Participant: 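Below are the structure tokens for one structure; questions will follow.
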Amino acid sequence: MFFKSKLRVHLYFTIINAFIAMLIACRYFVYLSEFPTDILGFSFLISSVISHMALLMICLGIVLIPFLLLPNIARRLTQSAAFSLALIVLFIDTIVFAQYRFHISIIMLELVMSGQVVSFGFMTWFMTIAGIVIVWAAQYFLLVYLEKKTETLTAWKFGKKFTALFFICFIISHGIHIWAVANVYQPVTVTKKYLPLFYPTTANGTMEKYGWIDEKALEKQKAMSLSNKSDLNYPRQALQVEPIEKPLNIVLIAVDSWRADTFNADNTPNVWGFAQSGKIFNNHISAGNATRTGIFGLFYGIPGTYWHAMLANHRSPVFIDRLQELNYDLGLFASAKLTNPEFHQTVFANVKNLRVGSQGPSPSDADKNLTKDWIEWFDHRDQSKPYFSFLFYDAPHGYDFPKDYPHRYEPMLNEVNYLKLNNDTDRSLMMNRYKTSVHFVDSQIKIILDKLKQSGDLENTVIIITGDHGQEVNDNKDNYWGHNSNYTDPQVKVPFVIIGPKVKESQIMQWDSNAYTSHQDVIPTLMKNYLGVNNDVHDYSVGEDLFGPPIARDWILASNYSSYAIISPESILEVGVVGQYSILDKHNRPIKGQQPNAKNLQAALEQISRFNR
């Protein structure tokens with residue numbers, strides 16, 4: 001009887017936490033691009049929140065049943081700790097989702113902990129730990145209170161009413177989803193991504209059997225979905241090369257999270273001044289809105305949708321292969337780790353003794369060490385070889401700069417606390433901090449450029465300076481802070497400049513400065529004009545040769561961890577992993593009544609499948 005009493009209290013404790021979870025989950029839908037007004041969409045939203053949050057808490061409650069055998073204090077501490085942690089993780093996930101539109105997962109936790117998505121400051125950690133302690137205490141006292149009020153709750157038939165509500169909502173939500181998937185009803189299929197760990201039922205086989213399925217719509221969605229094939233046909237033709245009497249040096253400098261609108265004489269005076277001797281492209285779009293796909297497109301010249309195939313095959317880009325074939329000395333210097341994302345198994349898979357990151361307690365310290373290490377490498381490199389240098393700075397990604405660095409832009413946030421960011425936050429305070437971090441990196445790049453000038457190598461060196469992706473600072477007032485969450489200009493438009501031989505020759509550089517260019521154009525340009533590769537560029541890339549005849553583009557393809565987008569000057573077609581899509585304006589607002597441009601979509605799908613067998 002004593003265990004039965006504890007089990008009853010545990011049941012009520014679980015139910016109350018389920019209702020708390022439902023209230024927290026309502027935060028996910030604050031940022032719905034379009035709140036469902038139809039009966040099916042609205043019913044699915046309400047029923048799925050109730051049933052799914054209840055299911056998560058019930059599962060946790062079942063796992064905790066054996067702990068009811070512990071002594072009272074240990075039992076209460078365990079029960080309250082488990083539900084406290086679950087609710088706090090759920091609450092933090094709503095914050096993450098509000099800013100990035102993805103949920104916490106093992107992969108994303110690895111990226112966060114490695115600093116690839118955000119860099120958390122002291123106050124963020126302090127508030128998180130303090131929140132855990134406060135919620136844990138509240139849960140503990142709630143449990144003690146319930147133990148005294150068991151008879152009252154039993155009299156209310158609390159458990160039976162909750163069970164009935166759960167089952168009714170469960171059947172409604174999963175039933176609606178079965179029909180919606182079979183008929184590609186996006187007000188439902190798009191909404192499901194807003195809840196974490198939510199995998200509602202599908203039954204297309206049964207629906208097809210009874211003729212309750214829209215086959216044409218499903219075929220269209222399937223054609224737009226991402227493929228995870230690992231059987232590559234890359235390059236499509238073996239490289240046909242010619243000897244190069246004197247290969248030029250190549251220096252590629254990338255800055256993590258560098259917005260295009262901070263490339264100017266004020267924010268980046270050193271790089272801006274140096275860039276005047278080369279060609280600046282004002283409408284350059286990264287291959288992605290995240291580091292993985294941005295750097296991938298920069299080195300491979302193909303969409304980031306091929307990432308998984310390249311990783312599975314440990315296939316290095318033909319660009320790096322050609323450099324090694326020409327006996328280039330490789331000086332690869334990154335501030336953040338090159339192991340997460342797994343660039344050591346993709347871009348640099350064939351590079352021995354790879355330097356995988358820089359030392360330092362903060363991004364700015366690591367950046368300074370990157371510069372220092374590059375100078376040392378440059379002074380001791382093999383002078384008989386041409387060299388390729390890749391320098392990847394990180395400070396703007398973490399809004400970081402040294403404590404003694406001048407505060408050029410004020411007022412600014414003293415520290416970035418992601419738990420406090422919301423739609424009402426004064427973005428100018430964050431933007432001023434961001435611009436100061438960009439200004440700091442500019443000072444580091446100046447050291448590199450000065451060294452190249454002093455060496456006398458500039459006449460024999462091609463230099464490319466760009467960003468891996470942008471960084472949104474709530475530009476569109478949708479509570480987006482960072483990257484990897486949409487394809488608007490703040491997240492995908494980056495600076496791009498190329499300096500070196502041939503660049504200023506008007507008969508060669510015919511592309512206009514305002515032309516639509518992409519990261520995927522870099523490799524074709526280098527391979528064809530500096531590395532002696534005679535193939536059609538489309539044998540190994542989807543980009544264009546920027547020294548060739550100008551190409552009038554209507555769109556550019558970009559991608560991230562779970563979607564791709566066809567970006568045009570007027571709109572964005574964003575397509576999810578299973579083919580669900582949204583057509584958005586340049587401020588990430590849905591465009592009603594517009595269908596995908598069939599011609600552009602067909603061309604994009606060709607690029608996504610070109611290098612699959």
Side-chain angles (χ1 to χ4, degrees), residues 248-286 294-295 298 333 367 370-371 374 378 388-396 408-409 434-471 489-490 492-506 508-523 525-526 529-530 543-547 550:
L248 296 179
N249 307 310
I250 301 173
V251 176
L252 173 55
I253 300 175
V255 180
D256 201 330
S257 309
W258 191 14
R259 296 168 56 110
D261 59 2
T262 59
F263 179 39
N264 51 56
D266 180 44
N267 302 144
T268 52
N270 299 298
V271 175
W272 180 259
F274 183 76
Q276 304 311 307
S277 61
K279 182 79 171 184
I280 299 172
F281 288 93
N282 299 316
N283 287 304
H284 188 83
I285 306 298
S286 172
I295 294 297
L298 198 58
F333 297 84
D367 282 355
L370 182 160
T371 302
W374 183 87
F378 188 82
F388 168 72
S389 272
F390 173 56
L391 299 92
F392 190 17
Y393 288 97
D394 191 48
R408 184 180 179 93
Y409 308 98
Y434 173 82
K435 288 191 291 186
T436 302
S437 69
V438 170
H439 196 273
F440 160 71
V441 169
D442 177 72
S443 71
Q444 293 298 300
I445 297 176
K446 178 182 185 299
I447 298 172
I448 304 299
L449 299 177
D450 287 346
K451 187 68 176 181
L452 291 172
K453 293 174 186 176
Q454 294 165 10
S455 71
D457 278 352
L458 279 185
E459 292 183 0
N460 302 309
T461 303
V462 181
I463 301 172
I464 292 173
I465 305 174
T466 188
D468 62 339
H469 54 76
Q471 185 83 339
D489 283 353
V492 296
K493 190 174 180 181
V494 294
F496 183 74
V497 59
I498 180 168
I499 305 111
K502 298 185 179 181
V503 174
K504 280 293 190 178
E505 297 177 28
S506 58
I508 294 177
M509 179 56 78
Q510 300 177 44
W511 284 62
D512 186 79
S513 293
N514 293 317
Y516 226 28
T517 57
S518 165
H519 270 11
Q520 293 156 156
D521 300 329
V522 173
I523 294 310
T525 303
L526 294 175
N529 296 281
Y530 298 110
E544 302 292 343
D545 174 15
L546 295 178
F547 291 173

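Values below: every heavy atom of this structure, side chains too, minus hydrogens, waters and symmetry copies. Note that this is a predicted model, so its numbers are computed, not measured.
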Participant: So how far is it from Ile464 CD1 to Thr525 OG1, rounded to the nearest 0.5 Å?
Facilitator: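 Ile464 CD1 to Thr525 OG1: 7.5 Å, rounded to 0.5 Å.
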
Participant: Heavy atoms, side chains only, cut-off 4.5 Å: are Phe263 and Val438 in contact?
Facilitator: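 The answer is no; the side chains never approach within 4.5 Å.
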
Participant: Consider only side-chain N and O atoms of Asn249 and Asn460, and report whether a donor and an acceptor are under 3.5 Å apart.
Facilitator: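 Absent: no donor and acceptor within the cut-off.
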
Participant: Is the backbone of His284 close enough, under 3.5 Å, to the side chain of His519 for a donor and an acceptor to pair up by distance?
Facilitator: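 Judged by distance alone, no pair lies under 3.5 Å.
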
Participant: Before you tell me yes or no, could you show the steps for Asn267 and His439 under side chain to side chain contact (heavy atoms under 4.5 Å, CB included), namely the whole-Å CA-CA distance, both residues' side-chain angles and the distance that decides it to 0.1 Å?
Facilitator: CA-CA 5 Å; Asn267 302 144; His439 196 273; 5.7 Å; no

Participant: Return the CG to CG distance between Leu526 and Asp545, rounded to the nearest 0.5 Å.
Facilitator: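 One finds 9.5 Å between CG of Leu526 and CG of Asp545.
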
Participant: State the CG-CD distance between Leu248 and Glu459, to the nearest 0.5 angstrom.
Facilitator: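 Reported value, rounded in 0.5 Å steps: 11.0 Å.
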
Participant: Of all the heavy-atom pairs spanning Asp457 and Phe378, show the shortest one and how long it is.
Facilitator: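 Shortest heavy-atom separation between Asp457 and Phe378 comes out as OD2-CZ, 3.6 Å.
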
Participant: Could you report the tightest heavy-atom contact between Asn282 and Lys493, atom names first, then the distance?
Facilitator: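 So the two residues come closest at O-CE, 3.0 Å.
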
Participant: Measure across Gly467 and Val494 and return the closest heavy-atom pair with its distance rounded to 0.1 Å.
Facilitator: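 Closest heavy-atom pair between Gly467 and Val494: O-CG2, 3.8 Å.
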
Participant: Within this structure, what is the CZ-CG distance for the pair Phe440 and Asp367, rounded to the nearest 0.5 Å?
Facilitator: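 Rounded to the nearest 0.5 Å, the CZ-CG separation comes to 5.5 Å.
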
Participant: Are any non-hydrogen side-chain atoms of Phe274 and Ile463 less than 4.5 angstrom apart?
Facilitator: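 Heavy-atom side-chain distance check passes, below 4.5 Å.
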
Participant: So Asp442 and Trp272, side chain to side chain contact (heavy atoms under 4.5 Å, CB included) or not? Walk me through it.
Facilitator: CA-CA 9 Å; Asp442 177 72; Trp272 180 259; over 6 Å; no

Participant: Can you tell me how far NZ of Lys279 sits from CG of Asp512, rounded to the nearest 0.5 angstrom?
Facilitator: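 If we round to the nearest 0.5 Å, Asp512:CG and Lys279:NZ are 6.0 Å apart.
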
Participant: Only pairs at least two apart or in different chains count here, so list each salt bridge (charged side-chain N to carboxylate O under 4.0 Å, His left out) that has a residue in residues 266-276.
Facilitator: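 Every pair satisfying salt bridge (charged side-chain N to carboxylate O under 4.0 Å, His left out) with a residue in residues 266-276: Asp266-Arg408.
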
Participant: Taking side chain to side chain contact (heavy atoms under 4.5 Å, CB included) as the definition, give me every residue that meets it alongside Ser389, ordered by chain and number, with sequence neighbours left out.
Facilitator: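 Ser389 satisfies side chain to side chain contact (heavy atoms under 4.5 Å, CB included) with Val251, Trp374, Trp377, Tyr387, Leu391 only.
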
Participant: Please report the closest heavy-atom contact between Asp521 and Gly543, naming both atoms and the distance.
Facilitator: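 Shortest heavy-atom contact: OD1-CA, 3.4 Å.
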
Participant: Quick one: list whatever passes salt bridge (Lys or Arg N to Asp or Glu O under 4.0 Å) with Lys446, sequence neighbours left out.
Facilitator: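 For Lys446, the residues satisfying salt bridge (Lys or Arg N to Asp or Glu O under 4.0 Å) (neighbours in sequence not counted) are Asp450.
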
Participant: Give the minimum heavy-atom separation between Ser286 and Gly294, together with the two atoms involved.
Facilitator: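 In this case the closest contact between Ser286 and Gly294 is OG-CA, 3.6 Å.
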
Participant: Backbone N or O of Ser257 within a donor-acceptor pair of the Asp468 side chain at under 3.5 Å?
Facilitator: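 Looks like yes, one N/O pair under 3.5 Å.
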
Participant: Would you say Met509 and Phe547 make side-chain contact, with heavy atoms under 4.5 Å?
Facilitator: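 They are in contact (side-chain heavy atoms under 4.5 Å apart), so the answer is yes.
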
Participant: Check the pair Ile498, Leu546 against side chain to side chain contact (heavy atoms under 4.5 Å, CB included), reporting the backbone distance first and the verdict last.
Facilitator: CA-CA 10 Å; Ile498 180 168; Leu546 295 178; 5.7 Å; no

Participant: Angle class for the Trp511/Phe281 ring planes (parallel below 30°, perpendicular above 60°, tilted otherwise)?
Facilitator: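 Geometry flag for Phe281 against Trp511: perpendicular rings.
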
Participant: Between CD1 of Ile253 and CZ of Phe392, what distance do you get to the nearest 0.5 Å?
Facilitator: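 Output value for this atom pair is 13.0 Å.
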
Participant: Could you check whether any side-chain N or O of Tyr530 sits under 3.5 Å from a backbone N or O of Pro501, counting only pairs where one atom can act as donor and the other as acceptor?
Facilitator: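 Yes; at least one donor-acceptor contact below 3.5 Å.
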
Participant: Would Ile448 and Tyr393 satisfy side chain to side chain contact (heavy atoms under 4.5 Å, CB included), going step by step from the backbone distance to the final call?
Facilitator: CA-CA 12 Å; Ile448 304 299; Tyr393 288 97; 3.5 Å; yes

Participant: Checking Asn283 side chain against Ala515 main chain: does a donor-acceptor pair fall under 3.5 Å?
Facilitator: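 No: the side chain of Asn283 does not pair with the backbone of Ala515.
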
Participant: Checking Thr466 side chain against Pro495 main chain: does a donor-acceptor pair fall under 3.5 Å?
Facilitator: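 Pair found, side chain donor or acceptor close to backbone of Pro495.
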
Participant: Ignoring hydrogens and angles, tell me if any N or O in the side chain of Tyr434 forms a donor-acceptor pair with the backbone of Arg259 under 3.5 Å.
Facilitator: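 Flag set: sc Tyr434 to bb Arg259 pair under 3.5 Å.
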
